[in-house]
Protein chains: 2
Amino acid sequence: MARERKFNTVELFNEAKQLLLHNGYDGFTFSHLADRMQVSRAALYKYYENKEELITDLMIYEMEEFLHELKEIEKLEGFEKQFDFLMDIIFKKTEIHHLIKAAVHVIARLDRSNTNKEKLEKLPLEMYTYLNSFILKGKEDGKLKSHIPDSLIIGFILQSVAIPNHFRIPHQEWLNSIKEIIRQGMFNNC
Amino acid sequence: MARERKFNTVELFNEAKQLLLHNGYDGFTFSHLADRMQVSRAALYKYYENKEELITDLMIYEMEEFLHELKEIEKLEGFEKQFDFLMDIIFKKTEIHHLIKAAVHVIARLDRSNTNKEKLEKLPLEMYTYLNSFILKGKEDGKLKSHIPDSLIIGFILQSVAIPNHFRIPHQEWLNSIKEIIRQGMFNNC
DNA sequence: ATTAAAAGTTACATTAGTGTCACTTATATT
DNA sequence: AATATAAGTGACACTAATGTAACTTTTAAT
């Protein structure tokens, strides 16, 4: 009975993600997004009460997708292979790191009235849990130094995607160097 | 002949820095700053044409101060001591890292009419030059792995302050672990 | 005491975004 | 063909920030 929709959720999320990564939370506006979707601003309000709701929905979608991919790590045998898989996936989906950072920022501002808040708060934790069991395995196998805090190990790995490659070092060389530093450090004497 | 000023530049910069680090570039407003300085908004326009000018002035001030402290690195003998000094100074002035990131963001938005643009663009370069000669020394001394790109080494060190310490690991333990990872990595097998 | 001039304030016009509501349009079902 | 209904639009009132201009206040020098 209804008229055909001019856009679907996936299209909207893709545009929204671009806008968010480009302009940041504050620079992200319904006006802007509506323009890009070739639709009136008011139309967006048919689906989302405000930008907070849209952004939290988007983040839940993105993080769930990432978690889904991350779960594949369980299928791999041995810590070394898991480590490589993790690094590759993080560098394949660089955006997720920025979105997670943005999420922390957004969560802080949400009031408890937002129905998404609970769900959104759980996801980074779920991710940490996954990574944590990976870290644990690494320590049990004697691969990872046991005296280094788990949260620092996770933080270091996740943070490494954010190092700006100002001089455009080729991707593979860059990634391999990062893996080496994480594994063995940047100092020679061993 | 003139009336006494209600605030000086240093006070203004301190408040501005807090605001900027807390609210980000977009959340930083003259209204807000004026409130905190207990002064009318229009008064700020007596000294700065707009927030862009204020923020670029602030960044130049902060980065020059940081560079000044960084120069002390030359007085130290030996790469190891210089490395420790660098890590300590970076973790003592955590803000500078966030300000530099913000600076990159601000520079991108500046139009060439802004008189500060040139000056602001030079400062990160000057910093990189300093750090670069330190890296070079490390490589020449055989301390640093020579096949790892200089810019990655610098990036890794600078980025390490941004790892969120969610679980409030005590500062010294946190810093020492970071130094260890940077030096020798997080893997056991050597 | 007068006065020049910088310091500061109040009030206004402008801009860009928000959220809402009455309205129009398209389309599948009857 | 008629109609119910979801999709979409245009116009309105509201808010928060910007930048400017006319103004008042303070104070050191004459």
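Note on naming: letters A, B, ... go to the chains in the order of the sequence lines (proteins, then strands), and numbering restarts at 1 for each one.
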**Complete:** By side-chain contact (heavy atoms from CB on, under 4.5 Å), H22(A) pairs with (sequence neighbours left out) none

**Output field: ring centroids F30(B)/Y48(B) closer than 6.0 Å** = no

**Message:** Using side-chain heavy atoms (C-beta onward) and a distance below 4.5 Å, is M59(A) in contact with I55(A)?
**Reply:** yes

**Message:** Contact list please: residues 28-46 of chain B against DNA chain C, heavy atoms, distance less than 4.0 Å, in numerical order.
**Reply:** V39(B), S40(B), A42(B), A43(B), K46(B)

**Request:** Starting from P on dG8(D), measure out to OH on Y48(A) and report it in whole angstrom.
**Result:** 12 Å

**Message:** Centroid separation under 6.0 Å, is that true for the rings of F187(A) and F79(B)?
**Reply:** yes

**Message:** Is any side-chain heavy atom of W174(B) closer than 4.5 Å to one of S151(A)?
**Reply:** yes

**Request:** Describe the nucleic acid contact of Y47(A) in one word from base, sugar-phosphate, nothing, applying a heavy-atom distance below 4.0 Å.
**Result:** sugar-phosphate

**Message:** Aromatic contact between F85(A) and F134(A), with the criterion being ring centroids under 6.0 Å apart: yes or no?
**Reply:** no

**Prompt:** For R183(B) and E80(B), what are the C-alpha separation, side-chain angles and deciding distance, and is it a salt bridge (Lys or Arg N to Asp or Glu O under 4.0 Å)?
**Reply:** CA-CA 10 Å; R183(B) 277 197 254 250; E80(B) 288 277 354; 3.0 Å; yes

**Test item: L20(A) and H98(A) side chains (from C-beta on) under 4.5 Å apart, heavy atoms** = no

**Prompt:** Listed in order of residue number, which residues of residues 3-14 of chain B have a non-hydrogen atom at under 4.0 Å from DNA chain C?
**Reply:** R3(B), E4(B), R5(B), K6(B), F7(B)

**Request:** Figure out the NZ/P separation between K51(A) and dG17(C), and round it to whole Å.
**Result:** 10 Å

